[in-house]
> 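The structure under discussion is supplied below as structure tokens; questions concerning it will follow.
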Amino acid sequence: MEILIVGVLILGILFYNNTIDKEKFITDMEPFTSKLIEDDYEFLVYAKYGEDVDIKILARKRMNIALVTFAVAFVMFNTSGTASFDFGKVLLNTVFSIVIAIVLYKSQYLSLKKYYKAHLHEIDVMLPYYLKSLEILIQHYTVPVALAKSIDDAPDIFKPGLRQIVDKINAGDASIDPYMDFANLYPVRDSMRMMRLLYRLGLGSQEKKQERLMMFSRTVSNLQNKARETKYKERLNHMENQTMIMLVSTGLGVMMIILISMLSMFQM
């Protein structure tokens, strides 16, 4: 047991003193550690932090924290208690240390997931306005080109999904799958239907494109109206809540003044 603990400590010291090249060690381990990264991790990171963040650095930092946590938990569990070696206890403590490290490792991913789900309502409101700007581009370009040109001016939260759909189309995927994948990334109201309409816009002759573009435009306008109604209702609910809070506060204040006045009268 002492040998294991000393080994972990020595490895930590070697990393700290740069005796072992930490970056090279991490790079050599990347083929194995990359399998631990969730499929939608990159998308969730970009959705929260934007596309300026370095995914590799963030993933390495996440892995380092988990490894350090495992080492610290392993040492703490196995240095407490009796001095005699107990293989069963060591095995159990190792399992506990791994569980703690996994929980900490997953916590960042779950936090990103929670942030994304919390912003789905915001996405629902923004999507019709993005589609309206896309509609203008489609009048002059093909759908794939319009999608690519729309990325720079699109809301930040849409940019990762738009890059994915454009990359898949440019890679030769002419099916509806890239559009459905985008709809799955942003599972809000009518996103599936809008992506189907968008896919059909790229099919057929120029005459059919104009007909489908008119249908697309009407649908986008309806979604914009729904988004405006949602914003109006939210603003109205906010004002009602503020008014209710003000009335309750005023009522409590008046009751306190009356109560203080009555107590003063009784004392006289």
> Any side-chain heavy atom of V72 within less than 4.5 Å of one from M76?
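The answer is yes; the side chains approach within 4.5 Å.
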> Is there a donor-acceptor pair under 3.5 Å between the side chain of N184 and the backbone N or O of M180?
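Looks like yes, one N/O pair under 3.5 Å.
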> Considering all heavy atoms of both residues, which atom of A101 and which atom of A66 are nearest to each other, and what is their separation?
CB-O, 3.4 Å
> Between L134 and L198, is any pair of side-chain heavy atoms under 4.5 Å apart?
yes
> Hydrophobic clusters here meaning ILVMFWY residues chained together by side-chain heavy-atom distances under 4.5 Å, can you tell me if L137 and F182 are in one?
no
> Side chains of L58 and Q108: closer than 4.5 Å at any heavy-atom pair?
yes
> If you round to the nearest 0.5 Å, how far is CE of M126 from CG of D156?
9.0 Å
> Please assess N222 against D190 for the test side-chain contact (heavy atoms from CB on, under 4.5 Å), listing each intermediate value before the final yes or no.
CA-CA 11 Å; N222 291 334; D190 291 330; over 6 Å; no
> If hydrophobic clusters are built from ILVMFWY residues whose side chains come within less than 4.5 Å, do L147 and V145 share one?
no
> Taking the side chain from T219 and the backbone from M215, do they hold a donor-acceptor pair closer than 3.5 Å?
yes
> Determine, using the 4.5 Å side-chain heavy-atom cutoff (strictly less than), whether Y46 and I37 are members of one ILVMFWY cluster.
yes
> Distance from I151 atom CD1 to L162 atom CG, nearest 0.5 Å?
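Separation between the atoms: 5.5 Å.
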> In sequence, state the C-alpha distance, the side-chain angles, and the governing distance for Y186 and D124, and then conclude on side chain to side chain donor-acceptor pair (under 3.5 Å).
CA-CA 8 Å; Y186 305 95; D124 191 19; over 6 Å; no
> Kindly indicate whether the side chain of F70, heavy atoms from C-beta on, has any atom under 4.5 Å from the side chain of I100.
no
> Do L112 and Y49 pass the side-chain contact (heavy atoms from CB on, under 4.5 Å) test, and can you show the C-alpha distance, the side-chain angles, and the key distance before you say yes or no?
CA-CA 10 Å; L112 291 170; Y49 298 110; 3.8 Å; yes
> Between the side chains of K168 and D177, is the shortest nitrogen-to-carboxylate-oxygen separation below 4.0 Å, so that they form an ion pair?
no
> Does atom CZ of F96 have more than 12 heavy-atom neighbours from other groups under 6.0 Å away?
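For F96, atom CZ is not crowded (no more than 12 foreign heavy atoms under 6.0 Å).
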> Is it possible for you to say whether F43 and Y109 belong to one hydrophobic cluster, with membership spreading through side-chain heavy-atom contacts below 4.5 Å?
yes
> Looking just at side-chain N and O atoms, do D153 and Y130 make a donor-acceptor pair shorter than 3.5 Å?
no
> Within the structure provided, determine whether F216 and E135 are in side-chain contact (heavy-atom separation under 4.5 Å).
yes
> If you measure from the Lys or Arg side-chain nitrogens to the Asp or Glu carboxylate oxygens, is any gap between D152 and K159 under 4.0 Å?
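A salt bridge is absent here (no side-chain N lies under 4.0 Å from a carboxylate O).
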> Does any N or O in the side chain of S111 come within less than 3.5 Å of the main-chain N or O of S107, such that one atom is a donor and the other an acceptor?
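Pair absent, no side-chain N/O of S111 close to backbone of S107.
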> Do you reckon L197 sits in the same ILVMFWY cluster as M214, going by side-chain contacts under 4.5 Å, direct or chained?
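Shared cluster, no.
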> Measuring from atom CD1 of I98 to atom OG1 of T69, what distance do you get when rounded to the nearest 0.5 angstrom?
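I98 atom CD1 to T69 atom OG1 measures 13.0 Å (nearest 0.5 Å).
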> How many angstroms lie between atom CZ of F158 and atom CG of L131, to the nearest 0.5 angstrom?
7.5 Å
> Any donor-acceptor pair under 3.5 Å linking the side chain of R212 with the backbone of R200?
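The answer is yes, because a donor-acceptor pair under 3.5 Å joins these two groups.
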> Give a yes or no answer on whether the side chain of S191 reaches the backbone of P187 with a donor-acceptor pair at less than 3.5 Å.
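Pair absent, no side-chain N/O of S191 close to backbone of P187.
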> Could you please spell out the steps behind the side-chain contact (heavy atoms from CB on, under 4.5 Å) verdict for V103 and V99?
CA-CA 6 Å; V103 169; V99 169; 4.3 Å; yes
> Do P144 and V166 come within less than 4.5 Å of each other through their side chains, counting heavy atoms only?
no
> In plain terms, say whether E38 and R62 are close enough for a salt bridge, that is, a side-chain N and a carboxylate O under 4.0 Å apart.
yes
> Are there more than 12 heavy atoms of other residues, nucleotides or ligands under 6.0 Å from atom NZ of K132?
yes
> In Å and rounded to the nearest 0.5 Å, what is the CG to CE distance from L127 to M195?
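So the gap between those two atoms works out to 6.0 Å.
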> Give the C-alpha distance, both sets of side-chain angles, the deciding distance and a yes or no for side-chain contact (heavy atoms from CB on, under 4.5 Å) between M194 and V220.
CA-CA 8 Å; M194 296 309 300; V220 170; 3.5 Å; yes
> For the atom pair OH (Y105) and CD1 (I65), what is the distance rounded to the nearest 0.5 Å?
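Rounded to the nearest 0.5 Å, the OH-CD1 separation comes to 11.5 Å.
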